[in-house]
Number of protein chains: 2
Amino acid sequence: MILHGYYRSTASWRLRIVLALKGIAVEQRAHHLRRGEQRLPAFLALNPQGLLPVLELDDGTVLTQSLAIAEYLDDIQPEPPLLPAEPVARAHARAIAQLIACDIHPIQNLRVLDRLKALGHDEAAVRRWAADTIREGLDACEVLLGRYAGPWCLGDRPTIADATLVPQLANARRFGAEGDWPRIAAIAALAATHPAFLAADAGAQPDAE
Amino acid sequence: MILHGYYRSTASWRLRIVLALKGIAVEQRAHHLRRGEQRLPAFLALNPQGLLPVLELDDGTVLTQSLAIAEYLDDIQPEPPLLPAEPVARAHARAIAQLIACDIHPIQNLRVLDRLKALGHDEAAVRRWAADTIREGLDACEVLLGRYAGPWCLGDRPTIADATLVPQLANARRFGAEGDWPRIAAIAALAATHPAFLAADAGAQPDAE
């Protein structure tokens, strides 16, 4: 399998965590987002959305959307599980992942920030847009996480929620989004000691700059 | 169970389709988005994101994020299934749903459009932003759907992909987003004859205006 990604793409990073948690080896192929390589015809032929990540299976089948790919990996290799066993806890884990993947990440992503610049907003305004989006999202995330037992988002092992939350925190730092998030900070501290999260870190990738 | 929603909220509409497909009866409680009822303290106590839908279980447990709730309903009542059985087809169904739920809907949603207005953009510019977002997303969706056998998004029965696609088409019409989408049009035509999709339609809800 080939994971088409980029070291700093937080959606690609989620999948690096999932792959590391499950011990699945893939070939990694980097596409430089800042240079627009995701809009080259060869990449658009893979994913017409022009977005990373893409998982290319050995038979050439192309999978898009990071959370769908994460669940695919969980379907084909159930151990260790990426979701809790109990339906309500599964729903909470998916909801935390989707809070980030739907309501934070796409709104502070390159594509939207570039559109804001095209509308005439300067760098400071664009950074404020991103920071506000991240802060509001993580404020709500912190409240929701306060309802669930830790130490991870949902209990005593990392799930799809943690794999989505931890990369988003790098974007929070990058855009200067800050808040009072003790539960999130404790999860970040735990991830900072976990081999799968360390292996998946942006700075540990071959294409890191 | 109580479904907190709004007739025109496409994320609530997805769940109305899923509930109708599965024949699960719930109490519906409407929160008027245009009047800002989703930002009232009583609603924020349910969902700190201030977003619809919310599914409130009989024991008071609160579930957020429409796709996570859809999968919860599939977990507790597997028939009829909301996803194909085969892992690759499951990934494709989830990816279509997420293309819409992550990369179209939140970027053309009230919260972002209000923020654009606060930045000084007029109604026409805001509508153009929404229409461009929807058109680009559905262009990519059409290409992806062309890879999968119909007549629904993934085969011969509706899945989470169709439940997410059909409501988004109402927003496409509302914002004047148009494109060459024959595969999508055929799915819309099929949905227009399907009892679950008819029952879930915005215009069929008690709070419709």
Side-chain angles (χ1 to χ4, degrees), chain A residues 11 44-45 47-51 55 57 59 61-76 83 86-88 90-99 101-107 109 111-112 115-116 119-121 125 129 132-133 136-137 139-144 146-147, chain B residues 11 44-45 47-51 55 57 59 61-76 83 86-88 90-99 101-107 109 111-112 115-116 119-121 125 129 132-133 136-137 139-144 146-147:
Chain A
L44 290 174
N47 182 6
Q49 282 202 273
L51 294 174
L55 187 69
L57 307 187
D59 69 357
T61 299
V62 166
L63 303 185
T64 62
Q65 292 291 336
S66 63
L67 298 186
I69 298 171
E71 297 238 16
Y72 168 79
L73 295 168
D74 203 41
D75 277 346
I76 62 165
L83 290 163
E86 195 275 319
V88 165
R90 291 166 76 79
H92 291 327
R94 287 180 169 129
I96 292 294
Q98 290 166 19
L99 180 158
C102 299
D103 295 327
I104 300 180
H105 174 253
I107 300 170
N109 205 7
R111 197 165 58 111
V112 163
R115 192 176 286 182
L116 287 168
L119 287 175
H121 297 287
W129 170 289
D132 287 349
T133 300
E136 286 169 18
D139 280 348
C141 188
E142 176 74 18
V143 174
L144 290 174
R147 299 176 182 176
Chain B
L44 290 174
N47 181 5
Q49 283 201 272
L51 294 174
L55 187 70
L57 306 187
D59 68 358
T61 298
V62 166
L63 303 186
T64 62
Q65 291 291 334
S66 63
L67 298 186
I69 297 171
E71 298 238 16
Y72 169 80
L73 295 168
D74 204 41
D75 277 345
I76 62 165
L83 290 164
E86 195 275 319
V88 165
R90 292 165 75 79
H92 291 326
R94 286 180 170 129
I96 293 293
Q98 290 166 19
L99 180 159
C102 300
D103 295 327
I104 300 180
H105 174 254
I107 300 170
N109 206 10
R111 197 167 57 111
V112 163
R115 192 177 286 182
L116 287 169
L119 287 175
H121 297 288
W129 169 289
D132 288 348
T133 300
E136 286 169 18
D139 280 348
C141 187
E142 176 74 19
V143 174
L144 290 174
R147 299 177 183 176

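Because only heavy atoms are used, hydrogens play no part in the values below, and waters and symmetry mates are left out as well, while side chains stay in. Each chain gets a letter, A, B and so on, in the order the sequences are listed, and its residues count up from 1.
When A:G137, A:A125, A:A97, A:A95 are compared by the number of non-hydrogen pairs under 4.5 Å with chain B, A:A95 comes out ahead. Interface check for chain A: of the options B:L67, B:T64, B:D74, B:V143, the most heavy-atom pairs under 4.5 Å are formed by B:L67. Interface summary for chain B: among A:V88, A:L57, A:N47, A:L44, the most heavy-atom pairs under 4.5 angstrom belong to A:V88. Of the listed residues (B:I76, B:V62, B:I69), the one with the most heavy-atom contacts under 4.5 Å to chain A is B:V62. Between chain A and the residues B:E142, B:H105, B:E136, B:H121, the most heavy-atom pairs under 4.5 angstrom are made by B:H121. Put simply, of A:L55, A:I96, A:I107, the one with the most heavy-atom pairs under 4.5 Å next to chain B is A:I107. For the set A:D132, A:L99, A:T61, A:L63, the entry with the most heavy-atom pairs within less than 4.5 Å of chain B is A:L99.
Here the closest non-hydrogen pair linking B:C102 and A:P106 is O-CG, 3.1 Å. Nearest heavy-atom pair across B:P87 and A:Y72 is O-CD1, 3.6 Å.
Ring geometry for A:W129 versus B:W129: interplanar angle of 30 to 60°, hence tilted.
The distance from the CG atom of A:L119 to the CG atom of B:L116 is 7.5 Å, given to the nearest 0.5 Å.
Contact check for B:P48 versus A:D139: no side-chain heavy atoms found under the 4.5 Å cut-off.
Side-chain N or O atoms of B:R90 include none that pairs as donor or acceptor with a backbone N or O of A:D75 at under 3.5 Å. The backbone N or O of B:A68 sits less than 3.5 Å from a side-chain atom of A:Q98, completing a donor-acceptor pair.
For the side chain to side chain contact (heavy atoms under 4.5 Å, CB included) criterion with B:D103, the lone passing option out of A:L51, A:N109, A:V112 is A:L51.
With a 4.5 Å cut-off on non-hydrogen atoms, A:A11 does not touch chain B at all.
Every residue was checked against the salt bridge (charged side-chain N to carboxylate O under 4.0 Å, His left out) condition with B:R147, not counting sequence neighbours, and none meets it.
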